[in-house]
Visitor: 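Let me begin by handing over the structure; questions about it come next.
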Amino acid sequence: MIAATLSVGFLPLVDAAPLIVAHEMGFAAEESIAIELRRAPSWSSVRDMLSFGRVEAAHMLSPVPVAAALGLGGTGTPLSAVSVLSANGDVIGVSNELAARMREGGHDFAFNDARAAGAALITHAARPLRLGVPFPFSMHAELLYYWLSALGLPAPQSVDIRTVPPSLMADALEAGEIDAFCVGEPWGSMAVENGVGTLLLPGNAIWRFSPEKVLAVRSDWADAEPELMGRLIRAVWRAGRWLAEPGSPMLAAELLSRSQYLDLPPEILDRALTGRLVISPQGEERTVPGFVEFHHNAATFPWRSQAEWIGLQLAARTGLDRATAARSAASVFRSDIYRAALAPTRAELPGASAKREGALDAPTAVPGASGHLTLGPDSFFDGRIFEPSQS
Amino acid sequence: MIAATLSVGFLPLVDAAPLIVAHEMGFAAEESIAIELRRAPSWSSVRDMLSFGRVEAAHMLSPVPVAAALGLGGTGTPLSAVSVLSANGDVIGVSNELAARMREGGHDFAFNDARAAGAALITHAARPLRLGVPFPFSMHAELLYYWLSALGLPAPQSVDIRTVPPSLMADALEAGEIDAFCVGEPWGSMAVENGVGTLLLPGNAIWRFSPEKVLAVRSDWADAEPELMGRLIRAVWRAGRWLAEPGSPMLAAELLSRSQYLDLPPEILDRALTGRLVISPQGEERTVPGFVEFHHNAATFPWRSQAEWIGLQLAARTGLDRATAARSAASVFRSDIYRAALAPTRAELPGASAKREGALDAPTAVPGASGHLTLGPDSFFDGRIFEPSQS
Amino acid sequence: MTGHGFTSHRKLAVAGRMSAALSIIVVEPDRDRAMLIVDSLREAGEYEIHVISEPTGLARRIQALMPDVVLIDIESPSRDMLEELALASGPLERPVAMFVDRDDAGLTDAAIEAGVSAYVVDGMQPQRVKPIMDAAIARFRMFQRMRTELAETKRALEERKMIDRAKGMLMKARGVDEDEAYALLRKTAMDQGRRVAEVAAALVTAAGLLG
Amino acid sequence: MTGHGFTSHRKLAVAGRMSAALSIIVVEPDRDRAMLIVDSLREAGEYEIHVISEPTGLARRIQALMPDVVLIDIESPSRDMLEELALASGPLERPVAMFVDRDDAGLTDAAIEAGVSAYVVDGMQPQRVKPIMDAAIARFRMFQRMRTELAETKRALEERKMIDRAKGMLMKARGVDEDEAYALLRKTAMDQGRRVAEVAAALVTAAGLLG
């Protein structure tokens, strides 16, 4: 008995995997719902599909619903993040020309040292540095700003930020419209594969555990259909749990590669899913533990402190009141809904709904709703710790 | 609890699949036995391993235990065929040079007309026709004799038969030591793949349902260890049943391809397992229904009439008394042991233990031990029917 | 002949959608026991229950109702009856629990190989139906996941093999090398807006037909 | 503390081999019920039965005895207890049947996801143990076959991917085309007496290490 068919918007990215898997592997059917996946060409398009009610839920950049709550961008429709879909998963890449200058200057492309990579980029890039990001309100933009600003290049003020849909990032780099980018996989790898770029850093070299995509719904829909939403959250949670099993990434790459989803060779998708990236057209490989995380370390828990961090970054740039922004932002990540939805499952839920972001350098056991739960490292590259005001 | 480890000899052939699958897919373990597979280089070697007690059971040419019972070849150790392992599965191939002459003469290599193919072969081959078979006592030899003799080339009298181990058949053809061969797969396909031969006929174009390989044991071991033997028979039967499932051939090809078994690319093994053969180095394809059969149509039932047919062919060539030979031969195919072993399973067993060989032109329902059972076509290309005297 | 056919719970329309109440077909020849089972299930949760008294009507009712779960109570089946019932109930499409009073024929293996998610030798006891049904559902799901995973993995492997085979055919037919053969497949796929695997499969099939 | 530990049936040596009598570990705190269960099983077939009275010793006994089947009777487990027991019994290596008197916590899903082959909410009733055990064994085997098939299919796909990846690396490193890259892999494999997939895996791993 299918209770309902839910339309869900997504962008062709590796981190749409939990939604694609929930559908293809039957986790949605187990919850008596059908998921109808609608591919969109850009983030503004997905956001509008959701805001205007053309889809019930969406694969969404975590800062988008926060920005909407702060009155930035969007259509004024309040959105809620009822689950995180994935942590990490972005890559920063540079043009081959810039990469060559950085190599000449002695940079080793070790792919794990944000400080060294940032210093080399700042030293060797032309001014102003032209950076491509998929959307103004995105973890991509936040990571770049945090990183470059911490290293002495005040961003976004001193850089030229351009919005380029993920699938066009390689083209923009090739056309010389940008010097570098931060993008979700597989579009960084596609730039490498097409011979137009070299990868410089994974996103988690800047922030070890950033909430990358969320499952977003209209807040009024969340109020009206708590039961259906619970089914969707559980289906997606089971999909993420399946993705974390050792044998799953290979098969997930096959599912994602199909024409209605990413329509790219599975070999390219394997890179992000296994954390083994090819960083240059010469074929150099780098292994990145935790490159993208769908389940472990409570990856899908929507921490109010994550939303607050995002909200305060946005507030600082736009001059909004910090306390108001923190409050509004924190209310967007619905840990209450997530908890209620997962109560009937075997999910281990954290005892608190906010944490000091950046405080963990190593896997750490924390109190869970029943027993213990392990959280992974979530430190920032510069060691700063964010103390949330809300919880 | 593993009751025993049984050593089983085999030759690297596609029709060793039931034994390899019984081990790899855990059917042996389900019967609380372990199978230790020992690869042999030639049929005489497998026979001797079995006769001298170095293995408990073997993948064996169906005529070998019959010949032993008739006092032909072998070491005098009585052997029993406790199950058929596979029906059909051989191919007849010719050298490229001979194939070219046959093509010039108008033969179409349709791969399904034993009469036309035989006539073309007899017309265009040099005299004496030099034929490679894997062993003197083999279904390969019997099929060639039956076919050529029926078409007016008395065999073996008027042909030059040479024994060549299956894996060396392509080399013998390339070296010009033989003009044609009958061999089990994948060695016919390997001759094609190496560019040295063209396939002329599948074995089942001569006899639609011939018992090709049997599970052979020493008769005294069969008496001493009925329980263990039952376990082995059931494990192999389950493996055959699994092989007959639609999704299995592809995976079977992968298992068989491993270095300890056939050590050949799975793509070559797929051909026999799916009945889609590439018959010439030019890549021509032919589809052969029932090319090799591991389960359907009671393929593994050791019909006493099959053994008797083999025995009488051997007797006719060697001048043995027909009645004695028929009796001795029929006692080698142990339908009694097979029935007892499969009683606890869901196998549908035929009511009788002998049948008129060659009498069925189409799938036919026959009385089974409980309900009905379908037998497939088993006709000879020349329409003759063999009436067994024993049952 | 096919039973009382009463429905214990009507489908609820929620916001224009159907409710997700599990629909259950109960095959129970004993009318009194059927009532007790329905009552017991109703107490345990919100279900849409259809009772049929004779298994002969099962296949037709299943076609009509597409139930989420099938519970079959049958005294002491023969093997043929068991296999027929298992087949009719569609055990690969939904959880099926089979209850027998006695298993004289030792049919446990047959029942489980036929795909039933629960085979209970003790008859259908009203107070025990719910936990058995829950276990059957959980087991069916686990099995279904694995079957999906296996099917998808096989499909992926099959596609790769198909591509390799098509490449081999092109290499022979056009005298090109492997790279060129793949480029040709990819170009055809792009031109036709299809996947490389689809183009490869079409090529291999066509060759088989022409063969 | 870990129970009576009696063995109802000694292993028989048959022609230098062990008998294939199924060995069963029964976890049953109630000594009287344990006796009844052992008697009931003995009547039904030839088994080697070990009874332990407390689940705390289970993991150790399983290591020592490597039983074919584990039957666990436990009144009303908490989720933690259930998962711990399931883990200790090794439900992916052998059939495990778990009997609970009451399932207050609704742990059916958890038990089945943990891999137990039977989860029975009615306690361990001596006269019903045998058919439940048979069903658990049949189900375990079916599941095991599918797991094997899935693992082998994944392995085959993985190997192909590895070969493709190694080919790609060679093409880049040596500037050769796909055919030549494969020929190089095959030659290395033949020289080393290894499979192409193994050589490819070694190459890919080495590149990862060097990377």
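Remember, predicted model here, so these are calculated numbers, not experimental data. Chain A is the first sequence line, chain B the second, and so forth, proteins listed ahead of strands; every chain is numbered from 1. Every heavy atom of this structure was used, including side-chain atoms; hydrogens, water molecules and symmetry mates were not.
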Visitor: Go through the atoms of B:Ser280 and report whether side chain, backbone, both or neither lie under 4.5 Å from a heavy atom of chain C.
Guide: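 Neither part.
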Visitor: Please report the shortest heavy-atom distance between B:Met250 and C:Lys154, naming the atom on each side.
Guide: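 That would be CE-O, 3.5 Å.
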Visitor: For C:Arg79 and B:Arg346, indicate whether the former's side chain and the latter's backbone hold a donor-acceptor pair under 3.5 Å.
Guide: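 Yes.
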Visitor: Measure B:Pro281 against the heavy atoms of chain C and call it side chain, backbone, both or neither at under 4.5 Å.
Guide: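 The answer is the backbone of B:Pro281.
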Visitor: Answer with side chain, backbone, both or neither: which region of B:Glu254 has an atom nearer than 4.5 Å to a non-hydrogen atom of chain C?
Guide: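 Contact with chain C: side chain only.
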Visitor: Report, as yes or no, whether the 6.0 Å neighbourhood of atom CZ on C:Arg174 holds more than 12 heavy atoms from other residues, nucleotides or ligands.
Guide: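 No, because the 6.0 Å sphere around CZ of C:Arg174 holds 12 heavy atoms or fewer from other groups.
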Visitor: Is C:Glu152 atom CD crowded by more than 12 heavy atoms from other residues, nucleotides or ligands, each under 6.0 Å away?
Guide: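 Enclosed.
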Visitor: Can you tell which part of C:Leu157 gets under 4.5 Å to a heavy atom of chain B, answering side chain, backbone, both or neither?
Guide: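 Both parts, backbone and side chain.
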Visitor: Is C:Asp80 in contact with chain B via its backbone, its side chain, both, or neither, using a 4.5 Å heavy-atom distance?
Guide: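 No part of it gets close to chain B.
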Visitor: Which residues pass the side-chain hydrogen bond (donor to acceptor under 3.5 Å, both in side chains) test with C:Asp122, not counting sequence neighbours?
Guide: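 side-chain hydrogen bond (donor to acceptor under 3.5 Å, both in side chains) list for C:Asp122, sorted by chain: C:Arg128, D:Arg128.
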Visitor: Go through the steps to decide whether C:Arg165 and B:Asp270 satisfy the test side-chain contact (heavy atoms from CB on, under 4.5 Å), and finish with yes or no.
Guide: CA-CA 11 Å; C:Arg165 200 154 160 199; B:Asp270 274 337; over 6 Å; no
Visitor: Quick check: are there more than 12 heavy atoms from other residues, nucleotides or ligands sitting under 6.0 Å from CE of C:Met190?
Guide: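 It does not: C:Met190 CE has 12 such atoms or fewer within range.
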Visitor: Can you tell me which portion of C:Glu158 sits under 4.5 Å from chain B's heavy atoms? Options are side chain, backbone, both or neither.
Guide: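 Both parts, backbone and side chain.
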Visitor: Let me confirm one number: the CZ-CD distance from B:Arg241 to C:Glu113, rounded to the nearest 0.5 Å.
Guide: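 These two atoms lie 4.0 Å from each other.
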Visitor: More than 12 non-hydrogen atoms from neighbouring residues, nucleotides or ligands closer than 6.0 Å to CD on B:Glu97, yes or no?
Guide: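 Incorrect, the count does not exceed 12.
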